[in-house]
Each structure stands twice: as structure tokens, then as C-alpha cells.
Amino acid sequence: MDRSKQNKYSSNEKNDNGDGDSVLNGHFDGMVKRAAGGPQAPGAESAPHRSTSAVMESWKEERTRSLEDNEMSLPSLAAAYTTILRGLGENPQRQGLLKTPWRAATAMQFFTKGYQEKIIDVLNDAIFDEDHDEMVIVKDIDMFSMCEHHLVPIFGRVHIGYLPNKRVLGLSKLARIVEIYSRRLQVQERLTKQIAVAITEALQPTGVGVVIEATHMCMVMRGVQKMNSKTVTSTMLGNFREDPKTRDEFLRLIKS
Amino acid sequence: MSTKVGDIVEDFHSNNGDRITDKMSTVHRHHETSRKESEDESRLPALEAAYTDILRHLGEDTDREGLLRTPLRAAKAIQFLTKGYHETIDDILNNAIFDEDHDEMVIVKDIDMFSLCEHHMVPFFGKVHIGYIPNKKVVGLSKLARIVEIFSRRLQVQERLTKQIATGISEALQPKGVAVVIEAAHMCMVMRGVQKMNSRTVTSAMLGVYLEDPKTREEFLYLSRRT
């Protein structure tokens, strides 16, 4: 069973869907195709026809983990953590560590709960027709993720802006999209893109901009140990990419 | 290891009240290492296997490019984050204690500290402020930061960490007083559970004159406050 479709982002970019004209291969040339149903979703199976139902199809493929899976994996995760404690020279039987394997396992499952959720569940009801075509920005969304290379936390802020095209999204849904993608084993570049693409597919807006500024504990707590370093990534789609003035307005408005 | 130092602290306080005396110094410098640095390499495969298990049970695909060497990296990372188990105070302090006729407060503040919560194995980090009043013996300043490193790079509880730093310094120097204040953010509270973004936990340990004399304590707290 392919259990991480939505994270095979980079490999999907290389897939050739053979369709020709719409955005394939995951390469975003900045064109948000409305009539054609939007760019290739991350992790989607190749959908032969470019319509909204194809977009919905791709959302259906996202879930890889259920609550039952969580229950069933817990003992093995706890056992793995006990091994780790022993391997570090600690005594797993001392009072403070007695239930740590279980707590650490549930914590880790919580930090990767994005695998349990689908965009379609979160968004379905909150898309509204609204005759609004000015920029909408939700900024300073606190984000917590896990570095997929060291399994150490990443945290920071996400700023999202979009230009609606007759359809607006419930504001908290933008934050929920951030949650779904950030609560996974991630790479900041991929996270930024996944958020932008999800909003694009849901709304087909005129443009989307996502900026993430984060601190990587793998750089702060270990390795180079640079306390104050921050990593900033951004994804601009549609108008945000093509029109410098739009991008400028967005970047200015998210600056605090 | 933490239990041994816990015992030391127990003995310390039950035998001496809270006065710092000389006789405890040599007796209690047990070897606290529960892990030899040379053993780290040999323990890696077991840690790696455990991490591979964890990744699989989280529903990830361990063969995808980004995760291929993650078990090894994560194992090394967590060994680094718990390297305090290698080290003892004796090792780092032995050479840097100097006789100096100084009996005014010495403070080293804003020492960045990174530790791992022993309950969830999730980081907590913050700043440590240390003050002590020498009794004819001063310690190299960076050694205070190194003491913080030894005790913080372990699976810890913030209360215990604070006390271990304070007792460590007391034992090494027999000063007139030691004060340690730690202010930290716990990711186990921020990233999960109650999810309170801005909460901070502050703990302190006051020994010797810092405990007995409110004015000394006040001076320390004033001088180490955030500017």
C-alpha cells in the first residue's frame, strides 16, 4: 500500500500524465487553470480529465492513516521509544520515564496527524460565492511541523494571501489547511507549495501567495547551532507571480 | 545519572540544612556518566532500527527519498541532544577554578539552554541565569555555561535541571551562595496538549546566602532581569 502519496510531491512532479495542455508534472508556470480544473494536486493519481470532479478525486487520495491505525500502532511505537531510551543510556524503569514511551508515541502521532486528515473534509462547507475581488490575507498563523530529516520540530508563522475569483473561503479554513500539511514530516519548501496548491484547487482564485518564516530546531539545537537563524520560503501563484504590484502589496501587508 | 544526583541533593539538604560546607565536596563527585562517548557508535544501529520502526508506524514510506537516511540522522541527533550523559562536572571544571579575593556577586545571564522533556521526549528551551557569590574561589565564566550544557543535554524535568545546576556549582566551588533561574518554553505544551503558544515556565534554585538573605536574592533578580 502506498502510504505517503501526498508526500511524494517531488516524485509526482516527474510523472507524465500525457494530457498535454493543462499544468502537468507539477511544474507551476504560474497559470491557475480555472476551466481546466486547476494544476496537478500533490500526491494525486493521474486524472485523465480536467474537471472539478477530477480535482475532487485528487483530494480523496490524501488520507493514509485512520484513528484505528493509530490505536494499533501505539504498542510498536512505544516499544521503539523504549529501545531508544535504553540506547541513550537511560533507565526506562525510573519513575519519570515509566510511561514516557507511551506519551512520546502519542505525541509523535499528534505531530503527524496531518496524515489522518483530508482537505475535502475540512473545506467542503466553507466556500462561499461572494462578489469580492480584492486581496484577502490571513497572517501570523502559528505553524508547527517536524523536520523529516532529523525528526526535530520546526515552528514559525505562515502568511497567506489570495485574490478571490467570485469564491471566498472561510478564514479559519486557511489555518486548517496549514494544520493539515504542517502536522507531517515535512520540508519547508514542500509545505509552502502544498498549502498554495491546496488553496488554488479549492477556490480557483486569481492568485495565491504563501510565505512561511520558521525556525528549525535541527539548526538551533544541534549541528551548526545558530540560535537566531530563520528560514523564509514563499510560493506565488497566478496574479501574485505575474504581477509585481500585487506581490508587492501582499508582501507589504504581511510585514509587521 | 539523574537519580544519583537526586540522591546527592537529598543527602545534601538533610545533612546540612542549606549551608554549603566543605566536607560534601569530594564525597559526592560520583561518576555521573551513564553513557560513554565511545559507546555511542555501537548503539547507533539499535537506535536507527527503532526510528525506522517509528517512521513506518506513523504511516510514512521509509523508502522515499527524503526519509532514506532519516533513521540515522535522527539517531545521531538524539544522541547529540542527550550528550550530557557523557560528561561529569569534574571533567570540565578541574582546571578552571582560580583563587581570587573576590566576594561580590558574579552573574552570567541569558545562557541559551536546550533540553528534552523526559515525559514526551520533545524539546524545551529557554534561558538560564546564574549568579554566585565566590568564597575565595572563582570559576571560569564559560564553565558555568558548560555546567548548564551537561545537565540540560539530557532527558530532563525543568525543576530538576535547575537544582542540578545549582548543586553542581555549589559542590565545585563551595561559594557563599548560588542562584539559578530558568525561563523556558515547553514544546510539549506549545505544539500539543493544551497548545498555549506563549506560555513560559520559570523555575529557580537559591542556595546559601541567596536563600537566607532577601536583599541578595533581590539584587540577583534585578540584575538578571530581561533588559
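Just so it is clear, the structure is predicted and the values come from calculations on it, not from any experiment. Throughout, protein chains are lettered first and strands after them, A, B, ... in sequence-line order, and every chain is numbered starting at 1.
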Is it true that Glu60(B) and Arg184(A) make a salt bridge, defined as a side-chain N closer than 4.0 Å to a carboxylate O? no
Between Glu148(A) and Arg190(A), is the closest basic N to carboxylate O distance under 4.0 Å? yes
With respect to chain B, which residue among Arg183(A), Arg86(A), Lys113(A), Met217(A) yields the maximal number of heavy-atom pairs within a distance under 4.5 Å? Arg183(A)
Can you tell me which portion of Val190(B) sits under 4.5 Å from chain A's heavy atoms? Options are side chain, backbone, both or neither. both
Do Arg225(B) and Tyr222(B) form a cation-pi contact, if we require the NZ or CZ to be under 6.0 Å from the six-membered ring centre and within 45 degrees of the ring's axis? yes
Could you check whether His57(B) and Gln109(A), counting side-chain N and O atoms only, form a donor-acceptor pair closer than 3.5 Å? no
Under 4.5 Å from any heavy atom of chain B - which part of Leu98(A): neither
Contacting region of Leu72(B) [heavy-atom separation from chain A under 4.5 Å]: neither
Under a 4.5 Å cutoff for heavy-atom pairs, which residue among Arg153(B), Met187(B), Arg69(B) has the most contacts with chain A? Arg153(B)
Arg94(A)/Glu118(B) ion pair, N-O < 4.0 Å: yes
Pick one of side chain, backbone, both or neither for Met197(B), based on which atoms fall under 4.5 Å of a heavy atom in chain A. side chain
His129(B)-Glu183(B) side chain donor-acceptor pair, cut-off 3.5 Å: no
Residue among Cys147(A), Gly96(A), Ala107(A) with most heavy-atom pairs under 4.5 Å to chain B: Gly96(A)
Using heavy-atom distances under 4.5 Å, tell me whether Ser182(A) contacts chain B through its side chain, its backbone, both, or neither. neither
Where does Ser115(B) contact chain A at under 4.5 Å (heavy atoms): side chain, backbone, both or neither? backbone
Of the backbone (N, CA, C, O) and the side chain (C-beta and beyond), which part of Met108(A) lies under 4.5 Å from a heavy atom of chain B, both, or neither? both
Would you kindly say whether Glu189(A) and Thr233(A) are connected by a side-chain donor-acceptor distance under 3.5 Å? no
Check whether Ile54(B) gets within reach of chain A through its side chain, its backbone, both or neither, counting any heavy atom under 4.5 Å. both
Within the distance-only criterion (no hydrogens, no angle test), does the side chain of Arg157(A) pair as donor or acceptor with the backbone N or O of Glu213(A) below 3.5 angstrom? no
When heavy-atom pairs shorter than 4.5 Å are enumerated against chain A, which of Ala75(B), Gly193(B), Ala74(B), Cys117(B) gives the highest number? Ala74(B)
Top contributor to chain A contacts, counting heavy-atom pairs under 4.5 Å, from Leu81(B), Asp53(B), Leu68(B): Leu81(B)
Leu123(A) side, atom CG; Leu169(A) side, atom CG - distance, nearest 0.5 Å: 5.5 Å
Using non-hydrogen atoms and a 4.5 Å limit, figure out which bit of Gln195(B) sits close to chain A: side chain, backbone, both or neither. side chain
Quick one: sort the Phe144(A) and Phe155(A) rings into parallel, tilted or perpendicular, breaks at 30° and 60°. tilted
Chain B shares the most heavy-atom pairs under 4.5 Å, among Ala105(A), Gly87(A), Cys218(A), with Gly87(A)
